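Here the structure is laid out as C-alpha cells; the discussion comes afterwards.
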Amino acid sequence: MAYDFGAIENKWQLKWEKERTFYVETRIGKPKFYCLEMFPYPSGALHMGHVRNYSMGDMLARFMRKKGFNVLYPMGFDAFGLPAENAAIKSNTHPNKWTLNNIEHMTLQLKRMGYSYDWNRRVATCQPDYYKWNQWIFLQMYKKGLAYRKMAPVNWCEKCSTVLANEQVQDGRCWRCDNQATKKKLEQWFLRITDYAPELYSDIDDKLNGWPDRVRTMQRNWIGRSTGARLSFNVPELDAKIETYTTRFDTIFGVTYIALAPEHDLVQEIMKKTSPEKCCELTQFVEKCSAQSSIERSAAGGEKLGFDTGISGVNPVTGELIPIWLANYILMDYGTGAIMGVPAHDQRDFEFCRKFNIPVVPVINPEGEVLDGETMKESFVDDGIVCNSGKFNGMRTGDAIPAMIKWGEETGVCAAEVNFRLRDWLVSRQRYWGTPIPIVYCDKCGIVPIPEDMLPVELPLDIQLLAGGGTPLPSASDWVNTACPVCGAHARRETDTLDTFFCSSWYFLRYCSPGRRDVVFDALDTDYWMAVDQYIGGIEHACMHLIYARYFTKFLRNIGMLRVDEPFENLLTQGMVIKDGAKMSKSLGNVVDPTEIVNRYGADTVRLFILFAAPPQNDLDWSEQGVEGAHRFLNRVWRAVEENLDGLTGYSDTVPVSSLASSAQKDFKRKIHTTILDVTRDIVEEKQFNTAVARMMELVNAIYAFKPSDSNDWKLMREAVCVLLNCLFPFCPHITSELWQMLGNASQLDSELIPECDGAALVVDEVTIVVQINGKVREKLTLPAGLEKRELEKRVTEHPDVASRIEGKEIAKIISVPNKLVNIVISDE
RNA sequence: GCGGGGGUGGCGGAAUGGAAGACGCGCUGGACUUAGGAUCCAGUGCCGCAAGGUGUAGGGGUUCAAGUCCCCUCCUCCGCACCA
C-alpha cells in the first residue's frame with residue numbers, strides 16, 4: 001500500500017474538525033502556552049510566507065500540547081485596509097464582499113494545511129463585533145487625553161481631490177492620474193504614544209529578553225532616547241522665541257545661524273515683516289521643500305536648500321546676533337522643528353554654510369590640532385578639546401557637555417532634557433475601509449465622543465466607492481449628519497477612519513475571550529492566557545506593529561484591565577521565502593502557489609520542507625528538488641512502518657538497556673533516546689527547527705540500518721518508530737497519525753505525550769579521543785569513557801602511534817579535555 | 001543618509017573556543033531492472049597517484065587550540081513612520 005497523502009490528509013482533517021480536537025478553554029491551574037502568529041491580511045490567497053509562518057507556529061503548538069500544556073493557538077484576519085478598496089474599484093464589487101470572500105477562501109486553505117487552530121476564536125477586524133472594541137479603546141484613550149487632534153500634512157492629489165497613501169505616491173506623482181502630488185495640511189487624530197516612550201524604551205532592556213537582539217536594537221533606535229538640553233533663542237524683531245534641542249550643548253559657542261523647518265509656525269510671523277516680493281519667493285521655497293520626502297530632505301549629502309529670512313536671533317550665551325534661515329533639511333515633526341546651526345561640528349550644517357557663505361566657527365579641536373573655520377573641508381564631529389568657549393576652553397568633550405549644561409541651567413540659558421525620537425502616532429486616515437472614529441462634531445458642543453452604549457458606530461456598507469480612490473464617507477449624508485448625543489443638536493460624524501495598525505495592536509487580547517458582546521475581553525481569560533509565550537512573524541513589523549502592541553498593552557494595564565507589562569514574552573522573526581534569488585512576487589513571476597504544491601505532494605511534505613530548508617530567521621530558498629527530498633523522506637518513513645508491520649505489531653513492551661546484549665542494540669537504543677533529547681532542545685531552546693528535522697532523518701537512517709532478528713530487536717524497532725512518530729507529529733501530523741493507527745495504537749497521537757528520554761540509554765563505554773600535536777589533529781584513539789586527565793594523558797602518550805610521533809621531542813605541556821581531546825605541545829618542532 | 005543583519009563545498013545549511021562541512025539537495029560509480037524520473041549500496045571541500053598539504057570573504061591579533069572572541073577592510077541583503 002503506497003503512501004496516499006491525499007486520502008490520509010483529508011481523513012484526519014475531517015476527524016479533527018468533527019471532533020473539535022483543537023478547541024481550548026481557560027483552565028486555571030493547568031500550565032498554559034499561548035502560541036501566536038501575526039494574523040494575515042486577507043489578500044485573497046495564502047502565499048508561501050504565510051505557510052512558513054504558520055507551519056512554524058503549528059509545529060510549536062502541537063509540540064507543546066504533547067509536552068502537556070494547555071495551548072491557545074488562534075487565528076484571525078487583519079481585514080481593513082487599502083487593498084480591499086483598490087480591488088473593489090477595479091472589479092466593481094464592495095470591499096466588504098471582497099474581504100469576506102477572501103477570508104472564507106483563506107480559512108479553507110489554512111485548514112488544508114492541517115493547522116490546529118481553535119477556529120472558535122477566529123476574528124475578522126472588519127466586522128462590527130470586533131471594531132466596536134477599537135472604538136471603545138479609542139474612547140478610553142480620549143478620556144485620558146491620549147487621543148487628540150492636530151494639524152498634519154498629507155499627500156494630496158489636486159486632480160483626484162483625494163489624499164494619497166505614501167504607497168500611492170510614485171516619484172512624487174499620483175499613481176492614478178500621474179498628476180504632481182502635493183502636501184496639504186489637515187486636522188487629524190493622534191495618539192500620544194510619546195507619553196509612554198520612557199517605559200517603552202527602558203522595558204526593551206528589562207523585559208524583552210526573549211526577543212531577538214536585532215529587534216530590540218531596532219526598537220531602541222526607533223524610540224531613540226537622547227540626553228541633551230533645550231534652549232531658546234530670542235528674536236527681538238518678532239518679539240518671539242525659537243525653541244531648539246541639542247545633544248551637543250558643548251558646541252553652543254559655535255552657533256552661527258538658526259535654521260527653521262519651512263513648516264515652522266514662526267514662518268507666518270516672518271512673512272508679516274517681509275516685503276511682498278520676498279514673501280512670494282518664500283512661499284515658493286516652502287512649497288518646494290514640502291514636495292520633498294523627509295528622507296530626501298534629511299539625508300546627509302542630500303542637496304541643501306535654504307532661504308535667508310533677513311531676521312536675526314540672539315545667541316543666549318554670547319549675546320551675538322545670528323541670522324535665521326529656513327532649511328529643507330529641518331523637519332517640523334522631528335524635535336522642535338528648529339535647530340541651532342553649528343557648521344564646524346555637524347556635517348549637514350557644514351554643507352549648508354559652505355553653500356550659503358555662513359561663517360564656520362570651530363569650538364572643538366582634535367587632539368594636537370587647531371581647526372580653521374575658513375579652510376576646514378568637513379565638519380569635526382568627534383570628541384576633542386573645547387576652544388573659543390570662554391572658561392570652558394581646554395576641557396574634553398566628555399566632561400564639557402555635563403559641565404556646560406550645568407552652567408547653562410544655573411544661568412537660566414538651557415534646561416537639561418531627555419528626548420525621544422519617537423513621534424506621536426497619527427491614526428486618522430482619509431479612507432473608507434476602516435474603523436469609523438467614534439466622534440461627532442456638534443454645532444453647539446464641538447467635539448463630542450460617542451457614548452459607549454451607542455457603540456459600535458457602524459461603517460455604512462450601502463455606499464458607492466469613488467473612482468479616484470478617495471473616501472466616500474464625507475458625502476454619505478445620511479450617515480454623516482446625525483444628532484449630538486449630548487444636546488441633540490445637529491452634528492456631523494468624524495469621517496476619518498482608524499489606521500489598521502489600531503486593529504492589530506490588541507487582537508491577541510480578543511482571542512482570549514472570543515465572541516464576548518459585553519466586554520472587550522474578560523480579565524479571567526487574559527490573566528490566565530497573557531502574556532503570549534511565543535509570537536511568530538516577519539521582521540518587517542520590528543518597529544511599528546510591535547511598538548504599538550506594547551503601547552496598547554501598557555495603556556490597558558494602566559487603566560486596570562491587564563496585569564502584564566509586556567504582551568509578547570518570546571518573539572521569533574522568520575525570514576522571507578525567496579526564489580531564484582529574489583523575494584516571491586507577482587511582478588517577478590516567481591510565485592509558487594501553496595495550493596498547487598499541496599495538491600502535488602501533500603501538506604505534510606510542504607510543512608516538512610519549509611521547516612527543514614533553512615533556520616527560521618534566515619531567508620528560505622524555495623527549491624522544487626528540496627520539496628521532492630522532503631517527500632522522499634516521508635515515503636521512507638511510510639515504508640519503514642508498512643514493510644515491517646508484522647514485526648512491529650507483534651510486541652508492545654520496551655526493552656530496558658540492562659537487557660540489551662549487543663553493541664548494535666545499545667547503539668540503536670542510544671540513537672533513539674538522543675533523538676528525543678536533541679529534537680526537544682532544538683525546538684524549545686534553540687528554535688532551530690531545521691536541525692530538529694535533521695535529527696529525525698538520522699533516526700530514520702538508523703532504523704533502516706538496523707536489521708532485526710530476535711524479539712528484543714523488534715521491540716527496539718517498535719520503540720524507535722514510536723519515538724519517531726511522536727517527534728515528527730508536530731511537523732507532519734497527518735502521516736504520523738495514520739501510521740500510529742496502523743501500529744494498532746488506540747490513543748490519538750496528538751494527545752500522546754512525547755516519550756521521556758531514558759538517561760541509562762545515553763551512557764557510552766568508549767569514546768574517541770582526538771590527539772593533537774601543537775594544535776593539529778594527528779591521531780584518533782578509541783579509549784574507555786570517563787578517564788581522568790592524568791590517566792588519559794598517560795594512555796595517549798604511551799600509545800605506540802602517538803609515542804612514535806613525539807619520540808625525542810621535548811613536551812612543553814599537555815592540554816587535555818576528558819572524553820574529548822589531548823593536545824600535546826612540543827617546543828621547537 | 002541613518003539603522004540593522006549576513007558572508008562556511010556545486011546549492012540549502014551543521015558545528016557549548018576542542019575532529020570544519022551533521023542532515024538534505026545535486027553530482028559520480030555500482031546493484032536490481034524491459035525501463036528508471038522508483039528503490040538500495042558506495043563515493044563526493046580543494047590540490048595530490050599517494051604520503052601529505054590546504055581550507056570558513058580579505059588582512060591583522062588573543063589562545064595550547066579560532067568558522068566561533070577582538071580590531072581593520074571588502075562585498076551583500078533588509079527596514080526607515082499613510083502597504084500590511
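In what follows, chains are A, B, ... by sequence order, proteins preceding strands, each numbered from 1. As a basis for the values below, the full set of heavy atoms in this structure was taken, side chains included, without hydrogen atoms, waters or symmetry mates. Bear in mind the structure is a predicted one, so any value in this text is a computation, not a measurement.
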It should be established whether N701(A) places a side-chain nitrogen or oxygen under 4.0 Å from OP1 or OP2 of nucleotide rG24(B). yes
Within residues 215-223 of chain A, which residues have any heavy atom lying less than 4.0 Å from an atom of RNA chain B? T217(A), N221(A), W222(A)
How far does the P atom of rU44(B) sit from the matching atom of rG24(B), given to the nearest Å? 15 Å
Sugar-phosphate only, base, or nothing, as touched by Q772(A) at under 4.0 Å among non-hydrogen atoms: base
Indicate yes or no: does D205(A) engage R220(A) in a salt bridge with an N to O separation below 4.0 Å. yes
Spacing of the C1' atoms in rG26(B) and rG13(B) (rounded, Å): 14 Å
Y704(A) six-ring face occupied by R636(A) cation (under 6.0 Å, within 45°): yes
Is the closest basic N to carboxylate O distance between K671(A) and E698(A) below 4.0 Å? yes
Considering only heavy atoms and no angle criterion, is a donor-acceptor pair shorter than 3.5 Å present between the side chain of K820(A) and the base of rU16(B)? yes
Which part of the nucleic acid, if any, lies within contact of P40(A), taking any heavy atom under 4.0 Å across all strands shown: a base, the sugar-phosphate backbone alone, or nothing? nothing
Since syn is defined as within 90° of 0, does rG37(B) count as syn or as anti? anti
Nearest-nucleotide check on RNA chain B, D213(A) vs L426(A); residue mapping nearer the 5' end is D213(A)
Can you tell me if Q688(A) touches the phosphate of rA14(B), counting only side-chain N or O atoms and a distance under 4.0 Å to OP1 or OP2? yes
Do R681(A) and E685(A) sit within salt-bridge range, that is, some charged N less than 4.0 Å from a carboxylate O? no
Looking only at the side chains, is there a donor atom on one of Q430(A) and D496(A) sitting less than 3.5 Å from an acceptor on the other? yes
In terms of side-chain heavy atoms, does Y329(A) have a donor or acceptor partner in D349(A) at a distance below 3.5 Å? yes
If only side-chain N and O atoms of R632(A) are considered, is one of them under 4.0 Å from the OP1 or OP2 phosphate oxygen of rC25(B)? yes
Strictly below 4.0 Å: does R421(A) bring a side-chain N or O up to OP1 or OP2 of rA81(B)? no
Pairwise C1' distance for rA66(B) and rC71(B), with rounding to whole Å: 15 Å
Considering only heavy atoms and no angle criterion, is a donor-acceptor pair shorter than 3.5 Å present between the side chain of Q188(A) and the base of rC82(B)? yes
Taking 4.0 Å as the cut-off, does a side-chain nitrogen or oxygen of N690(A) come that near to OP1 or OP2 on rG12(B)? no
